Student: 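Pasting a structure here, questions to come.
Computed from a predicted structure; not experimentally measured.
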There are 2 protein chains.
Amino acid sequence: MQKYSLDNSVLMNGKKPPTGPAKLDPNSFVPLYHQLKEILKSSIATGVWKANDLIPSENELAFVHDVAVGTVKKALAELAREGFIVRRQGKGTFVARPDFGRSFFRFFRFDLSQANESVVPVSQVLFAGPTQPPPRAQEVLRLSMGEKTLQIKRLRAFNDLPLMYENVYLPERIFAGLDRIDISHELLYPIYDSKFNTPIIWADEFLEPCLATSEVAAHLGIGQGDPVIFVERIAYTFEDKPVEFRSSFGRGDRFRYHIELR
Amino acid sequence: MQKYSLDNSVLMNGKKPPTGPAKLDPNSFVPLYHQLKEILKSSIATGVWKANDLIPSENELAFVHDVAVGTVKKALAELAREGFIVRRQGKGTFVARPDFGRSFFRFFRFDLSQANESVVPVSQVLFAGPTQPPPRAQEVLRLSMGEKTLQIKRLRAFNDLPLMYENVYLPERIFAGLDRIDISHELLYPIYDSKFNTPIIWADEFLEPCLATSEVAAHLGIGQGDPVIFVERIAYTFEDKPVEFRSSFGRGDRFRYHIELR
DNA sequence: CAGTGGTCTAGACCACAAG
DNA sequence: TTGTGGTCTAGACCACTGG
């Protein structure tokens, strides 16, 4: 059984392809396993392999890239630890599906001690469409002069109780058309991934306490001057590229942010 | 040259010690490298090797525990990744010294964009002594009935500006005498480590915004009803044992909490 | 059964540190 | 020069999966 698409040229001479997919440089100062990691990562990033895809086996990769299996193992082990792939004994190695069942909690960790487990927040979209970004968004998203953004303004609620008032800015270049998708019962990050091929890998988050302005208070159903938390988030996709800027106001009486410091 | 204390018995028969320090079970379902990790970790935890100590080389460990060097390498690599040890090519492997130059920022991450780098906060100690813990502290520290705590109440300032008002609770059993140390210009975690052999490994932190009570406002030099952030922290030492409970109020106008979500 | 990843071995060569 | 950790190889055996 022939697996995957090994060039015939590869099979013919039994050695590394003269001008094939091999890109490892044995003379580099960068270790082979690290070079291999980067190659595999970029194959995922550029969509050569998509979420849940089975990728070639250790032996395949070792043969194609002309390295020992141990070197492949080391590269794959690190990618698995970093969450890019999932390995299953007896089955194979798969591109990781970002765990969106938990992505909400990954990136919006409040403490829902009394709430039940699988709550998905409901969003009331107040606005969705192209806008000129505010300077702060332009800066953190590294937009060129005059480049437009999609803006989403929404109210997020749990159990009919408004919890957060949010403004999201996205480069229109990447997310064109997102403003026409109904997101009122969806999480955004799975959509970024599946519809725009832009998974969120990590995020920077900044919190500060403040008092509700009359606008914020009205949206959240609290009084002006009540305590709220202001959260700024910059979310990044592959290669630490910022693709989302989000600023939110959370109700102080319902918000409890939890983080593990390691 | 004889290094470390290999039992003569070990050297005599050239095989694994009949009743020595070897504790690896080759028949266990737990992989050898993982068993070795746990043994090494507990040697650190129990003080057999202290911070900055040089630990035996890969070859030494492989010989003593009767496994291949590759297995030792794997165990050491994971311990290094988890921050328990530091490895230096050509020199050896050392027990990690918790990086207390940064511990303040590790556990109290505000954003000091404009502040200079090596600020150490000054503390004004308002109270330090044995107390009966409040129920919340008793719960999270898992104290037995009637067990006492040391309480430290202090005001932390940067550049003479009060920033946080803090209450710290510690099991007296572990930290007896800490209340007689001058901590006004010191960080607590290095003291826990060096004087009480209790390094802080990680922490759980909970944040919520609220309004300053008159007591908090007075301490922080702000008005009653101004925005403050309330932070609860449970800090853990080896084996996930909770050893510090801390609750703090931070000035909203000077506090900006930063976290990287990965 | 064959193929997969998980563990483990026993070497090799290298860059680096220190005497 | 010796000893260290860092990389890499080429095998071995195992447990697990699925046909």
Student: Could you tell me whether a side-chain N or O of A:H65 sits under 3.5 Å from a main-chain N or O of A:L61, the two making a donor and an acceptor?
Tutor: yes
Student: Would you say C:dT4 has OP1 or OP2 under 4.0 Å from some side-chain N or O of A:R88?
Tutor: no
Student: In whole angstrom, what separates A:L76's CG from C:dT4's C1'?
Tutor: 12 Å
Student: Checking A:E244 against A:Y192: is there a side-chain donor and acceptor pair closer than 3.5 Å?
Tutor: yes
Student: Please state how far atom CD in A:E58 lies from atom C1' in C:dT7, giving the value in whole angstrom units.
Tutor: 11 Å
Student: B:L54 CG to C:dA17 P: how many Å, rounded?
Tutor: 15 Å
Student: From the list C:dG5, D:dG6, D:dT4, which nucleotide is the closest neighbour of the side chain of B:N59?
Tutor: D:dT4
Student: Within this structure, what is the CG-CG distance for the pair A:L178 and A:L170, rounded to the nearest 0.5 Å?
Tutor: 6.0 Å
Student: How close or far is atom P of C:dG6 from atom CZ of A:R87, stated in whole angstroms?
Tutor: 4 Å
Student: Does A:E232 come within less than 4.0 Å of B:R256, counting only side-chain N to carboxylate O?
Tutor: yes
Student: May I have the distance from A:I55 (atom CD1) to C:dT4 (atom P), rounded to whole angstrom?
Tutor: 12 Å
Student: In whole angstroms, how far is the C1' atom of C:dC16 from the CZ atom of B:F94?
Tutor: 13 Å
Student: Before you tell me yes or no, could you show the steps for A:E82 and A:K37 under salt bridge (Lys or Arg N to Asp or Glu O under 4.0 Å), namely the whole-Å CA-CA distance, both residues' side-chain angles and the distance that decides it to 0.1 Å?
Tutor: CA-CA 11 Å; A:E82 292 166 17; A:K37 262 182 72 177; 2.9 Å; yes
Student: With a cut-off of 6.0 Å (strictly less than), are more than 12 heavy atoms of other residues, nucleotides or ligands near CZ of B:R88?
Tutor: no
Student: Look for any protein N or O under 3.5 Å of an N or O in nucleotides 8-13 of chain D and output each such pair with its distance, or none.
Tutor:
unit_1 : atom_1 : unit_2 : atom_2 : d
D:dC8  : OP1    : A:L32  : N      : 2.5
D:dC8  : OP2    : A:L32  : N      : 3.2
D:dC8  : OP2    : A:Y33  : N      : 3.3
D:dT9  : OP2    : A:A68  : N      : 2.8
D:dT9  : OP2    : A:T71  : OG1    : 2.4

Student: Grab the CD-P distance between B:E78 and D:dG6 for me, whole Å please.
Tutor: 14 Å
Student: Do any N or O atoms of the protein come closer than 3.5 Å to N or O atoms of nucleotides 16-19 of chain D, and which pairs are they?
Tutor:
unit_1 : atom_1 : unit_2 : atom_2 : d
D:dG18 : OP1    : A:K91  : NZ     : 3.3

Student: Taking the side chain as C-beta and beyond, is there a heavy-atom pair between A:L79 and A:K41 under 4.5 Å?
Tutor: yes
Student: For the residue pair A:L76 and A:E58, establish whether any side-chain heavy-atom pair is separated by less than 4.5 Å.
Tutor: yes
Student: Between the side chains of A:N59 and A:S57, is a donor N or O closer than 3.5 angstrom to an acceptor N or O?
Tutor: no
